[in-house]
Amino acid sequence: MFTLSAFADEIDPDPQQQIDVLNSCGVRHIELRSILKTNVLDLTDLQIAEFNSLLKKHDFRLSAIGSPIGKVKIDEPFGPHLKRFQRAIELCKVFDTRNIRIFSYYPPLSSGGRGDGGEGEADGEVAWDNWRRDVLDRMFDKARLAEKAGVRLIHENENRIYGDDPARVKDLMETVLEQVGSQYFGAAYDPANYVFCGFDPWEAWQMTKPWTVHFHIKDWVRGESHGRLAGEGHGRIAEVMADAVAMKYDGFATLEPHLLGGGPTGGVTGPELFPKAVAAFRTILNQVGAKEQV
């Protein structure tokens, strides 16, 4: 059972236009990353209240707080970042969602390359073994706070972070879940990110599917600078969805097409192309016998 959601800031910064386009597509959930060109964790209380009222007016809900937590260098001070994480927990209560999208840190600048997920500079080899314990310690701290608050952290396999490699995603899942229950920590599977990072998305799925509780749907062709409609890239989305159906997956699939480009802070698809992205993914769901829940 799949419930469709969207990173609606790919449509337009204006939340009303986001809702109008998604309404026309029959999508009733949003993964809140930004509105008005402002990241979710930087919105004022007034902006949060106004957006929440808009959601309720149109009978929309959030699939997750699409936070940037974990998108900092691993050697940066943890205190300020943990404070931002507390804001994400607060917003879960405001929007009545228990999911927070997170990441597992960029390498320190001294490791080679930018360390911030930026493009245009060659990446050095990252000695992640030297930083694994730091990554895990920070994850443990956040997972325990999530458990206390009754929310769930969902780790995305983003380019250049510790968990961009499916083997390290497996390490994160197995190790953190020794400390907290599976209802508080899980994986988001993003096939395009695995393609972009040079991994076979099917092999990555086989390695990480025991912990996958969330999907981000975008497809990619190796070497290109923008996403493709689901099924038109190297993401092997139809195969993964068919296997998820066989496993009786029940959760969100969030559209994040990046059809006009994307980077570390988000992507652009636009109001004209976004409905095409929804339709392409629905075609795959129909082909593999998936059921959609509104």
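What you see below is based on every heavy atom in this structure, not just the backbone, and it leaves out hydrogens, waters and symmetry mates.
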Asker: When rounded to the nearest 0.5 angstrom, what distance separates CE in Met139 from CG in Asp134?
Answerer: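 The CG atom of Asp134 is 12.5 Å from CE of Met139, to the nearest 0.5 Å.
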Asker: Does Val288 belong to the same Ile/Leu/Val/Met/Phe/Trp/Tyr cluster as Met1, with side-chain heavy atoms less than 4.5 Å apart forming each link?
Answerer: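 Different clusters: Val288 never reaches Met1 through Ile, Leu, Val, Met, Phe, Trp or Tyr contacts under 4.5 Å.
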Asker: Can you tell me how far apart CG (Leu172) and CG (Asp165) are? Round to the nearest 0.5 Å.
Answerer: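 Result: 10.5 Å between the selected atoms.
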Asker: Cut-off 3.5 Å, no hydrogens considered: what does the side-chain donor-acceptor table look like for residues 239-253, sequence neighbours left out?
Answerer:
residue	atom	partner	partner atom	Å
Glu239	OE1	Arg236	NE	3.4
Glu239	OE1	Arg236	NH2	2.8
Glu239	OE2	Arg236	NE	3.0
Asp243	OD2	Trp205	NE1	2.8
Asp243	OD2	Lys209	NZ	2.8
Tyr249	OH	Val213	O	3.3
Tyr249	OH	Phe252	N	3.2
Tyr249	OH	Phe252	O	2.7

Asker: Could you tell me whether Asp137 and Arg133 have a side-chain N and a carboxylate O separated by less than 4.0 Å?
Answerer: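 A salt bridge links Asp137 with Arg133.
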Asker: So which atom in Phe140 and which in Thr175 form the shortest heavy-atom distance, rounded to 0.1 Å?
Answerer: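 So the minimum-distance heavy-atom pair works out to CE2-O, 3.6 Å.
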Asker: List the residues meeting side chain to side chain donor-acceptor pair (under 3.5 Å) with His216, not counting sequence neighbours, and say none if there are none.
Answerer: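 Glu31, Glu156.
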Asker: How many angstroms lie between atom CZ of Phe274 and atom CG of Leu260, to the nearest 0.5 angstrom?
Answerer: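 Phe274 atom CZ to Leu260 atom CG measures 11.5 Å (nearest 0.5 Å).
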Asker: Without swapping roles, check the side chain of Arg101 against the backbone of Ile65 for a donor-acceptor pair under 3.5 Å.
Answerer: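 Flag not set: sc Arg101 to bb Ile65 has no pair under 3.5 Å.
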Asker: Donor-acceptor check, side chain of Thr97 to backbone of Phe95, threshold 3.5 angstrom: yes or no?
Answerer: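 A pair under 3.5 Å: no.
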Asker: Output yes when Arg160 and Asp164 qualify as a salt bridge under the 4.0 Å nitrogen-oxygen rule, no when they do not.
Answerer: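 Here Arg160 does not pair with Asp164 in a salt bridge, since their nearest N and O are not under 4.0 Å apart.
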Asker: Mark yes or no for whether Thr269, through its side chain, and Leu259, through its backbone, hold a donor-acceptor pair below 3.5 Å.
Answerer: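 Present.
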Asker: Ignoring hydrogens and geometry, is there a side-chain-to-backbone donor-acceptor pair from Ser5 to His29 under 3.5 Å?
Answerer: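 Side chain of Ser5 to backbone of His29: a pair is present.
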Asker: Shared ILVMFWY cluster between Met207 and Trp128, side chains joined below 4.5 angstrom?
Answerer: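 No, separate clusters.
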Asker: Could you please spell out the steps behind the side chain to side chain contact (heavy atoms under 4.5 Å, CB included) verdict for Ile102 and Phe185?
Answerer: CA-CA 10 Å; Ile102 64 165; Phe185 191 72; 4.1 Å; yes
Asker: Give the minimum heavy-atom separation between Gln17 and Ile11, together with the two atoms involved.
Answerer: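 For Gln17 versus Ile11, the nearest heavy atoms are O-CG2, 4.3 Å.
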Asker: Only one of Val195, Val221, Ile237 clears side-chain contact (heavy atoms from CB on, under 4.5 Å) with Arg228; which?
Answerer: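 That would be Val221; it is the only one of Val195, Val221, Ile237 passing the side-chain contact (heavy atoms from CB on, under 4.5 Å) with Arg228.
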Asker: Linking I/L/V/M/F/W/Y whenever any side-chain heavy atoms sit under 4.5 Å apart, do Val72 and Ile154 land together?
Answerer: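 In one cluster: no.
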Asker: Check this for me: does any side-chain nitrogen of one of Arg84 and Asp42 sit under 4.0 Å from a carboxylate oxygen of the other?
Answerer: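 Between Asp42 and Arg84 there is a salt bridge, with a charged N closer than 4.0 Å to a carboxylate O.
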Asker: Apply side chain to side chain contact (heavy atoms under 4.5 Å, CB included) to the pair Gln179 and Glu147, showing each step before the final yes or no.
Answerer: CA-CA 10 Å; Gln179 304 291 321; Glu147 184 176 34; over 6 Å; no
Asker: Is there a donor-acceptor pair closer than 3.5 Å between any side-chain N or O of His81 and the backbone N or O of Gly70?
Answerer: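 Answer holds: yes.
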Asker: Is there a donor-acceptor pair closer than 3.5 Å between any side-chain N or O of Arg28 and the backbone N or O of His58?
Answerer: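 It does hold such a pair.
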Asker: Treating Ile, Leu, Val, Met, Phe, Trp and Tyr as nodes and any side-chain heavy-atom pair under 4.5 angstrom as an edge, say whether Leu229 and Phe281 lie in one connected cluster.
Answerer: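 Hydrophobic grouping puts Leu229 apart from Phe281.
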Asker: Taking the side chain from Ser34 and the backbone from Val40, do they hold a donor-acceptor pair closer than 3.5 Å?
Answerer: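 Judged by distance alone, no pair lies under 3.5 Å.
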Asker: Is it the case that the side chain of Trp220 and the backbone of Glu224 share a donor-acceptor pair, with hydrogens and angles ignored and the cut-off at 3.5 Å?
Answerer: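 Indeed, once roles are kept as given, a pair shorter than 3.5 Å links the two residues.
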Asker: Working to the nearest 0.5 angstrom, can you tell me the gap between Ile35 CD1 and Asp12 CG?
Answerer: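 Going from the CD1 atom of Ile35 to the CG atom of Asp12 covers 12.0 Å.
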Asker: Between Asp200 and Arg222 (salt bridge meaning N to carboxylate O under 4.0 Å), is one present in this structure?
Answerer: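 No, Asp200 and Arg222 are not salt-bridged.
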Asker: Can any side-chain N or O of Gln47 pair as donor or acceptor with the backbone N or O of Thr44 at less than 3.5 Å?
Answerer: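 Between the backbone of Thr44 and the side chain of Gln47 there is a qualifying donor-acceptor contact (under 3.5 Å).
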Asker: Counting N and O atoms only, with roles assigned by atom type, does the side chain of Asn159 sit under 3.5 Å from a partner on the main chain of Cys197, one being a donor and the other an acceptor?
Answerer: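 A pair under 3.5 Å: no.
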Asker: Do Ile100 and Val169 land in one hydrophobic cluster if side-chain heavy atoms of ILVMFWY residues count as linked below 4.5 Å?
Answerer: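 Yes, it is one cluster - the side chains of Ile100 and Val169 are joined through contacts under 4.5 Å.
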Asker: Can you tell me how the ring of Tyr189 sits relative to the ring of Tyr194, calling it parallel under 30°, perpendicular over 60° and tilted otherwise?
Answerer: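 Tilted.
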Asker: Kindly write out the residues that satisfy side chain to side chain donor-acceptor pair (under 3.5 Å) with Glu292, not counting sequence neighbours, or none if the list is empty.
Answerer: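 With neighbours one apart ignored, the set is Arg282.
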Asker: Would you compute the distance between atom CG of Asp45 and atom CG of Asn52 and round it to the nearest 0.5 angstrom?
Answerer: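 The distance works out to 12.0 Å.
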Asker: Measure the spacing between CG of Asn157 and OG of Ser104 and express it to the nearest 0.5 Å.
Answerer: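 If we round to the nearest 0.5 Å, Asn157:CG and Ser104:OG are 9.0 Å apart.
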